[in-house]
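Just below is one structure, and these are the notes that go with it.
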2 protein chains.
Amino acid sequence: MNNGSTALKIMEVASELIQTHGFHAFSYRDLSDRVGIKTSSIHYHFPTKLDLAKAVIHHYHQAFLDKLDEFSKEETAKKMLQAYTDLFAETFRQGKRICLCVSLASDLNGLPEEIRNEISIFVDAHEIWLASVLKQGIDEGGFRKLENPRQAARNIFYAMEGAMLVARASSVFFPN
Amino acid sequence: MNNGSTALKIMEVASELIQTHGFHAFSYRDLSDRVGIKTSSIHYHFPTKLDLAKAVIHHYHQAFLDKLDEFSKEETAKKMLQAYTDLFAETFRQGKRICLCVSLASDLNGLPEEIRNEISIFVDAHEIWLASVLKQGIDEGGFRKLENPRQAARNIFYAMEGAMLVARASSVFFPN
DNA sequence: AGAACTCTATCTATCTATAGATAGATTGTC
DNA sequence: GACAATCTATCTATAGATAGATAGAGTTCT
């Protein structure tokens, strides 16, 4: 594994394929076609598919934390929340792309513990960030008082993740 | 394809595997092992894996509509909603099993249109039922007035579906 | 009634395509 | 010349799928 531009491109394409088709629904051949190198060269960078998955999650996770930091610079909690939900909407607009961790969650029962842990840390980070935004919003007076901000944060997160999956399936969003 | 008990058993096992592992993550061999017949015999009942998927969706869809009818017999909208959410919780308790249509939705970009249509009809049925329950609850006075019951129904549905996936991934529900 | 036939459901054996993976040669850059 | 990155060629395992045989239950013909 290394951090050169080829490795990065492989990770980006892999991330896209996981988010649009799922972990078990793409192959090294698909990557090969899109990145423009042979499958064996991909193995050079990521010996196994799980190594690739781990690297993709790590990269995506870091990028997401950076986004959250950026959102935290907004003036009000309301704007932070808006920026957060906009990111989901924007992601989905790119070929019905869903959140990486939810795509992997749907395959989770067949993935090794190492990956499951990475994903659970990622999910927790979302909830903690959202809960802190909610608390700030309550203090600011922009949001109404909540009994359990952490639970409310979870509910928002559930709805965001569920909405992406359901939107893919629903005729409301993609009528024939 | 026929409706004998073997075909039914195949469908039930397939449904479980789709809900726990995903459509692309189980094989005819997995079915063969669990049902106790050879893979070739499964092909006798369901010529292709997509034929099997179609049959499973259809069967699951019908069973779900029956459940909704049953829930509609509850005295109040609040109890109907409770029965609905209990069903999700009960399903999830069986080996982190998620809703069939959401599991398939995460693989949707790689599935044929015929299946996509089946799923979208299913999703719409959920939302229509939920919206009617909400309206009834508002009329009864048990629920507070909503500007857009259909949108509220969608939000409930999103949260239910998202919660199952996130619960699978979250350390809050499955700490190490 | 009994022989001949047909249908259902299963089996064994095998096919083709593709998956992820590996060995070893080649190329290009410092 | 050494190393990084890529290639060609190939491997093993498994996927979904198919062909053809078989056992046994039910049907039809004479």
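Everything numeric here is computed off the predicted structure, so don't read it as measured data. We name chains A, B, ... by the order of the sequence lines, and we start the count at 1 in each one.
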> Within the pair A/Arg29 and C/dA19, is there a side-chain N or O less than 4.0 Å away from OP1 or OP2?
Replying inline: yes
> With respect to the phosphate group of C/dA9, does any side-chain polar atom (N or O) of B/Ser41 fall under 4.0 Å of OP1 or OP2?
Replying inline: no
>> So B/Lys49, base contact, sugar-phosphate only, or nothing? Heavy-atom distance under 4.0 Å.
In response: sugar-phosphate
> Rounded to whole angstrom units, what separation is found between the NZ atom of A/Lys9 and the C1' atom of D/dT6?
Replying inline: 15 Å
>> How would you summarise protein contacts on nucleotides 24-30 of chain C per nucleotide, using B for base, S for sugar-phosphate only and - for none, with heavy-atom distances below 4.0 Å?
In response: -------
>> Check this for me: B/Glu114, atom CD, are more than 12 non-hydrogen atoms of other residues, nucleotides or ligands nearer than 6.0 Å?
In response: no
> Over how many whole Å does the gap from B/His43 atom NE2 to C/dT16 atom P extend?
Replying inline: 16 Å
>> Counting neighbours of NE2 on A/His43 that are heavy atoms of other residues, nucleotides or ligands and sit closer than 6.0 Å, is the number greater than 12?
In response: yes
>> Taking the six-membered ring for Trp, are B/Phe122 and B/Phe64 closer than 6.0 Å centroid to centroid?
In response: yes
>> Check A/Arg93 with A/Glu90, please: is the shortest side-chain N to carboxylate O separation under 4.0 Å?
In response: yes
>> Using only atom types and a distance under 3.5 Å, with no angle test, would you say the side chain of B/Ser41 pairs donor to acceptor with the backbone of B/Ile37?
In response: no
>> Please confirm whether the shortest side-chain N or O distance from A/His45 to OP1 or OP2 of D/dA4 is below 4.0 Å.
In response: no
>> Distance check needed: C/dA19 P versus A/Leu31 CG, whole Å only.
In response: 11 Å
> What is the distance from CZ of B/Phe46 to C1' of C/dA9, rounded to the nearest Å?
Replying inline: 13 Å
> Considering heavy-atom distances to DNA chain D, does A/Lys38 or B/Thr39 have its closest nucleotide positioned more toward the 5' end?
Replying inline: A/Lys38
> What stems, by residue range, does DNA chain C take part in, given at least 3 consecutive Watson-Crick or G-U pairs under 3.5 Å?
Replying inline: C:1-30 with D:1-30
> Can a side chain N or O of A/Tyr44 be found less than 4.0 Å away from OP1 or OP2 on D/dT6?
Replying inline: no
>> Assigning hydrophobic clusters by single linkage (Ile, Leu, Val, Met, Phe, Trp, Tyr; side-chain heavy-atom cutoff under 4.5 Å), is A/Ile128 placed with A/Phe71?
In response: no
> Is A/Ser40 side chain donor-acceptor paired with the D/dT8 base, going by distance under 3.5 Å alone?
Replying inline: yes
> Do B/Lys54 and B/Glu118 meet the salt-bridge criterion of a basic N to acidic O distance under 4.0 Å?
Replying inline: no
>> Under 4.0 Å, heavy atom to any atom of DNA chain C: which of residues 20-28 of chain A qualify?
In response: A/Phe26, A/Ser27, A/Tyr28
> What about the rings of B/Phe157 and B/His126, do their centers lie closer together than 6.0 Å?
Replying inline: yes
> Quick one: do A/Ile115 and A/Ile121 end up in the same hydrophobic cluster if we chain Ile, Leu, Val, Met, Phe, Trp and Tyr together by side-chain heavy atoms under 4.5 Å apart?
Replying inline: no
>> For B/Tyr84 together with B/Phe88, are the ring centres under 6.0 Å from each other?
In response: yes
> Between C/dA9 atom P and B/Ile10 atom CD1, what is the distance in whole Å?
Replying inline: 11 Å
> Looking at B/Phe143, is B/Lys135 sitting on its ring face, NZ or CZ under 6.0 Å from the six-membered ring centre and within 45 degrees of the normal?
Replying inline: no
>> Distance check needed: C/dT12 C1' versus B/Ile37 CD1, whole Å only.
In response: 15 Å
